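For clarity, every value in this text was computed on a predicted model and none was experimentally measured.
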Amino acid sequence: MRKYISTIMFAALAVFVFSACDTETDEKPGGTKIVKMAGFWDVTVQSIKEDGSVLSQDPYGLGTTSLKTYNTVDDADNRMWLNLDGKDEFYDMQLIVPIDYAAKTFSCEATKYVYNSDKAGNVTITEGKVLLGQGRNLHGLPTDSIVFTAKFSDDEKNLTYRITGIKHSGFTE
């Protein structure tokens, strides 16, 4: 009896092991249509004058904050999500911006800066660029950088802000 049970268990185990293997395919994993513009960014906020010169280095005392850029649910190549953590002192932004992927640029006119909020005003983003390999991390190694200006319709100070930063490496810096 023990012999039959052992044989059946061995056969069941063999069937399970061999049926669990997947067939090898030639499929290559891929990114999204905006993979070179998407990322997690460490950014700072400055207020600037009309001529582009810096008015204040860090007008809200934010230091470095987080910006995320990522693809839309339909993986379009002409728009992306822009998500800025304003840390309660500055504007949180969660909006979709039109992009020119070939030029790595983005901008928007009078768009609600939090897409699903009735309380959020509008933001105009200009001069948005992702500069591939043009930034430097804390160790001096090349990384991508991002820059854009933002003007908010409900800003009591009526300032224009320049938001700049580098792509987060994922390593402790």
Side-chain angles (χ1 to χ4, degrees), residues 28-115 120-153 155 157-173:
K28 304 261 188 241
T32 65
K33 291 181 180 174
I34 63 159
V35 68
K36 291 186 178 179
M37 292 181 75
F40 182 80
W41 309 85
D42 297 320
V43 297
T44 57
V45 177
Q46 304 170 322
S47 60
I48 59 172
K49 299 177 186 174
E50 267 189 48
D51 65 359
S53 61
V54 176
L55 182 65
S56 174
Q57 269 307 341
D58 190 0
Y60 292 92
L62 294 173
T64 301
T65 190
S66 299
L67 172 73
K68 297 176 196 90
T69 55
Y70 46 92
N71 63 300
T72 57
V73 72
D74 61 348
D75 198 21
D77 63 355
N78 62 350
R79 60 189 181 277
M80 72 178 176
W81 277 98
L82 186 111
N83 189 338
L84 177 73
D85 178 11
K87 296 184 178 177
D88 295 328
E89 293 84 14
F90 190 63
Y91 295 90
D92 284 333
M93 293 195 306
Q94 298 169 350
L95 68 148
I96 295 175
V97 294
I99 65 171
D100 178 348
Y101 187 68
K104 308 294 183 273
T105 59
F106 59 96
S107 63
C108 68
E109 289 290 325
T111 303
K112 192 181 283 197
Y113 56 83
V114 178
Y115 74 97
N122 291 327
V123 64
T124 297
I125 294 176
T126 57
E127 303 174 33
K129 297 178 214 162
V130 171
L131 304 163
L132 303 177
Q134 298 301 305
R136 296 275 178 237
N137 68 11
L138 294 175
H139 307 290
L141 298 172
T143 187
D144 298 343
S145 64
I146 192 167
V147 62
F148 63 95
T149 60
K151 186 155 182 78
F152 298 91
S153 64
D155 185 9
K157 299 177 183 178
N158 198 29
L159 295 173
T160 301
Y161 302 96
R162 181 181 301 135
I163 300 168
T164 61
I166 59 170
K167 192 174 263 188
H168 187 74
S169 68
F171 295 105
T172 304
E173 302 203 24

| task | Please lay out, stage by stage, how Lys151 and Asn158 fare under the test side-chain hydrogen bond (donor to acceptor under 3.5 Å, both in side chains). | result | CA-CA 8 Å; Lys151 186 155 182 78; Asn158 198 29; 3.1 Å; yes
| said: Do Thr44 and Leu62 have side chains that approach each other closer than 4.5 Å (heavy atoms only, starting at C-beta)? | reply: no
| field | Atom pair CG/CG of Asp42 and Leu138 - distance to nearest 0.5 Å | value | 8.5 Å
| Do Arg79 and Asp74 have side chains that get closer than 4.5 Å, going by heavy atoms? | yes
| request: Determine yes or no for a side-chain-to-main-chain donor-acceptor pair under 3.5 angstrom, with Arg162 supplying the side chain and Val54 the backbone. | output: no
| task | Assign the ring pair His168 / Phe40 to parallel, tilted or perpendicular, where the plane angle (0 to 90°) is split at 30° and 60°. | result | perpendicular
| task | Please round to the nearest 0.5 Å and tell me the distance separating atom CG of Asn137 and atom CG of Asp144. | result | 11.5 Å
| Atom OG1 of Thr149 and atom OH of Tyr161: how far apart are they, to the nearest 0.5 Å? | 12.5 Å
| message | Apply ring pair (Phe, Tyr, Trp, His ring centres under 6.0 Å) to residues Phe90 and Phe152 and explain how you reach the verdict. | response | CA-CA 11 Å; Phe90 190 63; Phe152 298 91; 5.7 Å; yes
| task | Measure from the side-chain N and O atoms of Thr65 to the backbone N and O of Asp85, and report whether any donor-acceptor pair falls under 3.5 Å. | result | yes
| query | In Å and rounded to the nearest 0.5 Å, what is the CE to CG distance from Met37 to Leu132? | reply | 9.0 Å
| query | Closest approach of Asp155 and Tyr60, non-hydrogen atoms and distance? | reply | OD1-OH, 3.9 Å
| Which atom of Ala38 lies closest to which atom of Lys167, heavy atoms considered | O-NZ, 3.0 Å
| So, does Lys104 use its side chain to make a donor-acceptor pair with the main chain of Ile99 at under 3.5 Å? | no
| For the side chain of Lys68 and the backbone of Asn83, is there at least one donor-acceptor N/O pair under 3.5 Å apart? | no
| message | Quick check: do Val130 and Thr69 have side-chain heavy atoms less than 4.5 Å from each other? | response | no
| Closest approach of Asp58 to Gly63 (non-hydrogen atoms, all atoms of both residues) | OD2-N, 2.8 Å
| Rounded distance (nearest 0.5 Å) linking atom OG1 of Thr72 with atom CE of Met80 | 11.0 Å
| task | Report yes if the side chains of Val43 and Ile146 come closer than 4.5 Å at any heavy-atom pair, otherwise no. | result | yes
| Cys108 versus Leu95, closest heavy-atom pair with distance | SG-CD1, 3.9 Å
| task | Report yes if the side chains of Leu84 and Tyr113 come closer than 4.5 Å at any heavy-atom pair, otherwise no. | result | no
| field | Euclidean distance, Asn78 CG relative to Tyr101 OH, rounded to 0.5 Å | value | 13.0 Å
| Val97 and Phe148: side-chain contact (heavy atoms from CB on, under 4.5 Å), yes or no, with the steps? | CA-CA 12 Å; Val97 294; Phe148 63 95; over 6 Å; no
| remark: What one should report as the nearest heavy-atom pair of Val147 and Phe106 is O-CZ, 4.2 Å
| query | Thinking salt bridges, do Asp77 and Lys33 make one under a 4.0 Å N-O criterion? | reply | no
| request: Looking only at non-hydrogen atoms, find the nearest pair between Asp92 and Val114 and report the distance. | output: O-CG2, 3.5 Å
| query | Counting N and O atoms only, with roles assigned by atom type, does the side chain of Thr160 sit under 3.5 Å from a partner on the main chain of Ile48, one being a donor and the other an acceptor? | reply | no
